[in-house]
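Heavy-atom basis, side chains included; hydrogens, waters and symmetry copies ignored.
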Amino acid sequence: MISNVPMSHSLDRTFAALADPTRRALLGQLRTGAATVGELAAPFDLSLAAISKHLRVLEGAGLLQREVRGREHHCSLDATPLAAAADFTTEYVRFWEDRLDSLETYLRSSRSKPKKKRRSAR
């Protein structure tokens with residue numbers, strides 16, 4: 001696993017950025033297209049400084065691209081880091097699918113076996 005250290009750091013930053021509901025909501029807004037910081041902040045009951053901190057975390061994780069035009073900061077989504085996160089979680093989906101398939105096989109085989117009758121204690 002030592003060879004995956006750079007990938008792990010990137011994945012850590014992605015999951016840390018996604019861990020906050022405000023940041024997930026900001027990414028959701030950016031799915032529809034680029035927006036200014038003011039446009040992104042409008043739906044939230046947070047200060048512009050707080051929104052800016054969230055945007056810096058997203059930017060640090062590589063999930064947001066920022067372009068400064070005059071005094072306006074235009075932000076756009078860069079979903080590239082999400083591919084690594086999806087790959088990581090896909091491995092666990094396979095794990096649980098395999099486990100559930102095994103459970104299904106076990107349950108089907110246990111249904112087909114005749115049940116032993118219990119003797120009543122009298």
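- The heavy-atom pair separating V68 from G70 by the smallest distance is CG1-O, 3.5 Å.
- Using a 4.5 Å cut-off on side-chain heavy atoms (C-beta onward), L18 and L82 make contact.
- Nearest approach of I51 to A41, heavy atoms of both residues: CG1-CB, 3.8 Å.
- Distance check, rounded to the nearest 0.5 Å: CG of L55 to CG of L30 gives 7.5 Å.
- Contact between E39 and P43 at its shortest, heavy atoms only, is O-CD, 3.6 Å.
- Taking CD from Q29 and CG from L40, the interatomic distance works out to 5.0 Å, rounded to the nearest 0.5 Å.
- For the residue pair A61 and P81, the shortest heavy atom distance occurs at O-CG, 3.5 Å.
- In this structure, S109 OG and E104 CD are separated by 11.0 Å, a value rounded to the nearest 0.5 Å.
- No donor-acceptor pair under 3.5 Å is formed between the side chain of E72 and the backbone N or O of R69.
- How far CG of L27 is from CG of D20: 10.5 Å, rounded to the nearest 0.5 Å.
- Remark: the backbone N or O of L77 is not paired with any side-chain donor or acceptor of R31 at under 3.5 angstrom.
- Salt-bridge formation is detected for the pair R94/E91: a Lys NZ or Arg NE/NH1/NH2 atom is positioned less than 4.0 Å from an Asp or Glu carboxylate oxygen.
- A single hydrophobic cluster is not seen to contain both V57 and L64; linkage of ILVMFWY side chains at heavy-atom distances under 4.5 Å, directly or through other members, places them apart.
- Relative orientation of the F88 and Y92 rings is tilted, given thresholds of 30° and 60° on the angle between their planes.
- Residue E59 holds its CD atom at 10.0 Å from OG of S52, rounded to the nearest 0.5 Å.
- A distance-only check finds a donor-acceptor pair linking the side chain of R13 to the backbone of G60 [under 3.5 Å].
- Contact check for R56 versus R66: side-chain heavy atoms found under the 4.5 Å cut-off.
- In this structure a side-chain-to-backbone donor-acceptor pair under 3.5 Å is present from R24 to A19.
- Looking at every heavy atom in both residues, C75 comes nearest to V37 through SG-CG2, 4.0 Å.
- Going from atom CZ of R108 over to atom CG of L103 covers 11.0 Å, rounded to the nearest 0.5 Å.
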